[in-house]
Protein chains: 2
Amino acid sequence: MALSTMIYNHLPTSQPIIMNKLSKIHGLAHQQVVLDQPKTKTFNRVSSPTESLSHLLHLHLETPPRTQTHQINWNSYGEEKLSTPTTSPKEVIAQNWRDMHASSNWDNLLDPLHPWLRREIIKYGEFAQATYDAFDFDSHSEYCGSCRYNRHKLFETLGLSRNGYKVSKYIYAMSHVNMPQWLERSKLVDTWSKDSNWMGYVAVSDEEETRRIGRRDIVVAWRGTVAPTEWYEDLQWKLEPYGHGMLRYNKSSASEQVIKEVTRLVELYREKGEDVSLTVTGHSLGGALALLNAYEAASTIPNLPVSVISFGAPRVGNIAFRDELHQLGVKTFRVVTKQDVVPWMPGPVYTHVGAELKLDVHSSPYLKRGLNWPGFHSLETYLHLVDGFVSTTSTFREDARRDVALVNKACDMLVDELRIPHCWYQLANKGLVCNAHGRWVKPKRDPEDIPSPHMQENINVHALEARMQTQDK
Amino acid sequence: MALSTMIYNHLPTSQPIIMNKLSKIHGLAHQQVVLDQPKTKTFNRVSSPTESLSHLLHLHLETPPRTQTHQINWNSYGEEKLSTPTTSPKEVIAQNWRDMHASSNWDNLLDPLHPWLRREIIKYGEFAQATYDAFDFDSHSEYCGSCRYNRHKLFETLGLSRNGYKVSKYIYAMSHVNMPQWLERSKLVDTWSKDSNWMGYVAVSDEEETRRIGRRDIVVAWRGTVAPTEWYEDLQWKLEPYGHGMLRYNKSSASEQVIKEVTRLVELYREKGEDVSLTVTGHSLGGALALLNAYEAASTIPNLPVSVISFGAPRVGNIAFRDELHQLGVKTFRVVTKQDVVPWMPGPVYTHVGAELKLDVHSSPYLKRGLNWPGFHSLETYLHLVDGFVSTTSTFREDARRDVALVNKACDMLVDELRIPHCWYQLANKGLVCNAHGRWVKPKRDPEDIPSPHMQENINVHALEARMQTQDK
């Protein structure tokens, strides 16, 4: 059974997507999701009088129909939900990986969203989320701006080992231009590095995951920022002269570090006769960097299937840039929410590229109503909405398994009934511990967790490879 | 050697205190600290040109001389300080306890501050601080407004076992009148108690501490509030008709609960032929409640030495109230800082009572300059300043041992060089834990930590007493 014909058997229906109001206002040529199955009766929807009236007046052409959310019994919610697994068994997608990796630009996989593709998107989103969860934001720390864990234990510490990847390199950037609001800086004089920040990492699928997904997948995850309004004006003119060394570290730009490492890995696995793919991911500004980085990788490494999975990313480049990406075969998958303003930045001279999955905050019965810009933009909100998305005409997926509590990690989006505090992702006592004398002190980092980007340059590639092979077995 | 003659041998000098500017402006008749030792040359001070000019113009009559702080070498601070004990060996004060407990209203013990008295003040301040540290402020918790730990493990959990007291009863209050900003309320429907809050506790010195301090000391610690400006206008008219059941719980006012428990304990230990004292303590609004509660205790229980140690408390009562306290023999020790506005509340119709220890935020080299109302009012700031106070004319005590990091528990007062984050006192992930299924959940409280104030009413007094005796041995 071909993938495109088997994906609808779990879903009753879907309808052609209607270009939403905002895109008309902005006059943008978004790539539309194309649906090829016949129209059937709308499933599981209750028409309100207002909605009927709207239909009557053909106003539904301007405002997409609001999906009705299913009712949740909050009283019994705790017992029902909290003792269920958060993930489903993994399907083997080895035979279909080129569809998943966008050989056909995800046609027919988006609306309804194919459940296998959903899991892949969430996997990459979690890789992007890791760049926030492990980042040291503490301006009183001498390691402010670094990753709190070394690359060998990053995934294990964050509970991402189950994704079956291993980190092969950390990416560092140094700001030579003024992006003062973006890079985190320590208040201290003696820091690990004056102007550099941890920007993300390169990871590779292990043997088991490689078998499941049908190729050796290299992931590059770029860290974004949690306060996008502060940098977007800067970004507007700084991204245009791309390749100008916007974010440099140690005489090697962040992008150069990545290209070097990806080239090394591609050669390594191709020598073994393996299929290799590159997936670049990021949220917010990280999503913009992912696109630029993918462009550079596709320009540099011949015949490498390159795709970008971005979340809430601002627009990058103009129509000429889009055409060049297209020519290079770079496939881009943009996840946006209707309520998030960041994807509309920096302005109408820029255009979006690739396929788009547009989510609606109002589709989830777990999320509060009302304006909440940080919440709308939060990557965890995105991942929650992807997990619950079935199609543009269906309600939130009732059997969505992803832990809803994660949404409130760094924002205040969950309904009170869930009893999850807002912005709960925090260290006990901000990392202070009580020493043997009863004094509260900042413990020394484990030597292996102290960032040393300079040493990374001279890393012994063969030793790394040997270690990864051993760990895989 | 009498206490009053031996207390100065560790100190070079002190000078008569000068009534400060604010007290003149307000036209208040503060009780002044009386000093009886001869004036000598000022110790360890460097006169700046501005200061000399000010002396020349006699401006020092209006503005008290700023103590020069000693220089700290921040580079070597970590190694020097962080591996020293936070407390000194305890002196036996059994022979002098009546002086410490204010038989002579602390005359001659305040300026310079007697080191034994300093330790006692900090002990009581830590008892008051415990009411904040253990309080459940989480409005998403069903136990919001309660104490997070049961009374048997409160001190152990907070590291206060070394003070040598045991908690005998928790105090709960219910608001029958409108003090909406003060009581913490859960957002949930099914909570441990709709309108009641944990207000503090009654504790008693154990055998060892009783031997050291020369009498069985009963402590009542009242919780205050961290946002005083919100309640002080309310307080102004609600405290006046005192005894009106301002804060009630379960048909028994908080004060009635305390008087009943204190009466029981006094009778118990007097039957054994022991000397008994009552010390009531509190910070902010808790300090005001402490004074009112002490008044009631002294009125109810004959011949009981009662003293109040309050920190940053607003004024309570008028001159008639002060005279009545005086007549009952209630001794009050008020710790205030010059920069804290709360002791000036609610207004000039009220008067302060008792002895006053006035501290200066600028005296500490560890604290930032600049306006910081929450920091000025914070109890941990108070305890830090008490620990460093020598006399009104001396610099901050160089051998002060209390952990400076504590100051920033819930405010932002410490200089950056200390590298202590602000507001660091927090639970890991706001109390959420990852369960076996990978879901972030609020763990159930230990059954023994679930508040059950109703049961407390029927507590078996003899069983409690037997347990305390056993634990003491």
Side-chain angles (χ1 to χ4, degrees), chain A residues 74-75 78 81-87 137-144 158-160 162 186-191 380 401-409 412 414-444, chain B residues 74-75 77-78 81-87 137-142 144 158-160 162 186-191 380 401-409 412 414-444:
Chain A
W74 295 113
N75 288 332
K81 271 281 182 180
L82 299 181
S83 52
T84 59
T86 58
T87 50
F137 288 98
D138 179 5
S139 61
H140 288 89
S141 161
E142 58 191 304
Y143 306 115
C144 179
L158 301 180
L160 293 181
R162 58 180 157 74
S186 175
K187 289 186 178 178
L188 308 176
V189 180
D190 50 333
T191 67
E380 286 289 2
R401 287 190 171 190
R402 193 175 157 77
D403 187 12
V404 173
L406 296 170
V407 172
N408 263 13
K409 258 185 189 173
D412 185 9
L414 294 174
V415 294
D416 285 344
E417 287 84 351
L418 282 166
R419 307 184 179 192
I420 301 298
H422 67 275
C423 305
W424 59 262
Y425 190 74
Q426 60 182 30
L427 296 176
N429 300 319
K430 294 195 176 176
L432 295 182
V433 293
C434 196
N435 73 9
H437 302 282
R439 294 189 182 277
W440 289 91
V441 296
K442 198 155 276 183
K444 292 276 171 213
Chain B
W74 296 114
N75 288 332
Y77 179 81
K81 272 279 181 179
L82 299 181
S83 52
T84 59
T86 57
T87 50
F137 287 99
D138 178 6
S139 62
H140 287 89
S141 161
E142 56 191 307
C144 179
L158 301 180
L160 293 180
R162 58 181 157 74
S186 175
K187 289 186 178 178
L188 308 176
V189 180
D190 51 331
T191 67
E380 286 288 3
R401 288 191 170 190
R402 192 175 158 77
D403 186 13
V404 173
L406 296 171
V407 172
N408 264 11
K409 258 187 191 172
D412 184 12
L414 293 174
V415 295
D416 285 344
E417 287 84 350
L418 282 166
R419 307 186 179 190
I420 302 296
H422 69 275
C423 305
W424 60 262
Y425 190 75
Q426 61 183 30
L427 296 175
N429 300 319
K430 294 196 176 175
L432 295 182
V433 295
C434 197
N435 74 11
H437 301 282
R439 295 189 181 277
W440 290 91
V441 296
K442 198 155 274 182
K444 291 277 170 211

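By convention in this document, chain letters (A, B, ...) are assigned in the order of the sequence lines, proteins followed by strands, and residues within each chain are numbered from 1.
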Any chance you could measure [X], atom [atom1], to [Y], atom [atom2], to the nearest 0.5 Å?
X: B/Arg401; Y: A/His437; atom1: CZ; atom2: NE2; value: 11.0 Å
X: B/Ile420; Y: A/Asn429; atom1: CD1; atom2: CG; value: 11.0 Å
X: B/Lys409; Y: A/Leu432; atom1: NZ; atom2: CG; value: 11.5 Å

For B/Gly438 and A/Asp403, the nearest pair of non-hydrogen atoms, with its separation, is O-OD2, 3.9 Å
Under 3.5 Å donor-acceptor, A/Lys430 side chain and B/His422 backbone: yes
Where the side chain of B/Gln426 meets the backbone of A/Gln426, is there a donor-acceptor pair that is under 3.5 Å apart? no
Worked check of side-chain contact (heavy atoms from CB on, under 4.5 Å) between A/Leu406 and B/Trp440: CA-CA 7 Å; A/Leu406 296 170; B/Trp440 290 91; 3.6 Å; yes
Flag side-chain contact, heavy atom, 4.5 Å: A/Arg419 against B/Ser141: no
Part of A/Asn435 within contact of chain B (heavy atom distance under 4.5 Å): side chain
